[in-house]
Amino acid sequence: MSAARLVLAPGLVHVPGYLDRASQDALRDALDAAMEGAPPFQPRMPRTGKPFSVRMTNCGPLGWVSDAERGYRYQATHPETGLPWPAIPAILLEAWRDLADYPHPPEACLVNLYGAEAKMGLHQDRDEADFAAPVLSLSLGDTAVFRIGGTSRGGRTTSIRLASGDAFLFGGPARLVFHGIDRILPGSSTLLPGGGRINCTLRRVTPPRG
DNA sequence: CAGTTACG
DNA sequence: ATAC
């Protein structure tokens with residue numbers, strides 16, 4: 001399979017249908033297994049404690065978490081169980097090697113779980129110490145309406161749909177682009193038994209060797 | 001400010 | 001679109 005890489009802007013790449021159905025099934029099953037050891041939790045906004053509408057968990061040496069007391073951060077353990085995160089599924093590491101054009105493995109795999117009503121406001125992924133590495137996102141399940149802006153707030157934005165199996169990369173000049181999820185299109189995929197969407201975001205958190 | 005709400 |  002050679003899915004086309006659509007370059008929307010320098011460093012911004014959409015690969016529709018990157019994972020075929022069999023790979024999507026395998027990734028879903030791997031994530032199900034991972035979530036047995038790292039149950040999804042509900043992140044909260046720094047200071048205000050307002051809950052996100054998405055639930056999340058992580059795989060890999062570091063995971064992204066947020067709560068009222070300590071805010072956005074990466075940490076090596078699950079905020080509720082205190083256990084290390086499970087390993088990043090092989091399919092995702094393979095996608096990173098194939099698409100990221102970066103010579104070191106990802107350290108974090110944030111797994112966002114979207115129900116029919118879940119959204120994610122426009123934001124930047126900027127809690128990493130290494131912006132040289134790209135951010136790689138893989139979508140499973142229901143299609144999402146994805147909004148993409150520029151590197152500062154208030155600029156023009158556009159929206160595209162991210163379907164099950166799609167890959168999306170933010171790298172180089174687009175590494176710090178604002179992005180978010182406007183809405184989920186319920187019933188648009190049969191991959192996940194209960195419906196909804198899973199997004200896996202692979203990131204390098206620390207500079208290599210450091 | 002990865003959040004929601006209220007107002008033209 | 002703006003404010004908090």
Original post:
Is it the case that A:Arg175 places NZ or CZ above or below the six-membered ring of A:Phe170, under 6.0 angstrom from the centre and within 45 degrees of the axis?
Top reply: no

**OP:** Please state the P separation for the pair B:dT5 and B:dC1 - nearest whole angstrom.
**Re:** 15 Å

Original post:
Expressed in whole Å, how much space separates the P atoms belonging to B:dG3 and B:dC7?
Top reply: 22 Å

Subject >> A:Arg161 and A:Asp142 ion-paired at < 4.0 Å >> reply: no

Nearest-Å distance, [atom1] ([X]) to [atom2] ([N])?
X: A:Asn58; N: B:dA2; atom1: CG; atom2: P; result: 17 Å
X: A:Met45; N: B:dT5; atom1: CE; atom2: P; result: 13 Å
X: A:Asp67; N: B:dA2; atom1: CG; atom2: P; result: 15 Å
X: A:Arg153; N: B:dA2; atom1: CZ; atom2: C1'; result: 9 Å
X: A:Lys119; N: B:dG3; atom1: NZ; atom2: P; result: 9 Å
X: A:Met120; N: B:dA2; atom1: CE; atom2: C1'; result: 5 Å
X: A:Arg126; N: B:dA2; atom1: CZ; atom2: C1'; result: 12 Å
X: A:Leu110; N: B:dA2; atom1: CG; atom2: P; result: 14 Å

**OP:** Considering just the side-chain nitrogens and oxygens of A:Arg203, establish if one lies under 4.0 Å of OP1 or OP2 belonging to B:dA2.
**Re:** no

**OP:** Pick base, sugar-phosphate or nothing for A:Ile181, based on heavy-atom distances below 4.0 Å to the nucleic acid.
**Re:** nothing

Original post:
Within the structure shown, what part of the strands sits under 4.0 Å from A:Arg147 by heavy-atom distance: base, sugar-phosphate, or nothing?
Top reply: nothing

**OP:** Decide yes or no on side-chain contact (heavy atoms from CB on, under 4.5 Å) for A:Leu138 and A:Thr201, but give the supporting numbers first.
**Re:** CA-CA 7 Å; A:Leu138 277 296; A:Thr201 309; over 6 Å; no

Original post:
Once the angle between the rings of A:His14 and A:Phe168 is folded into 0 to 90°, is it parallel (under 30°), tilted (30 to 60°) or perpendicular (over 60°)?
Top reply: tilted

Original post:
So which nucleotide does B:dG3 pair with, by the Watson-Crick or G-U wobble rule with both distances under 3.5 Å?
Top reply: C:dC4

Original post:
For A:Phe178 and B:dA2, do the ring centres fall under 5.5 Å apart while the planes stay under 30° apart?
Top reply: no

Original post:
Can A:Val13 and A:Leu6 be said to form a side-chain contact (heavy atoms from CB on, under 4.5 Å), step by step?
Top reply: CA-CA 5 Å; A:Val13 183; A:Leu6 306 177; 6.0 Å; no

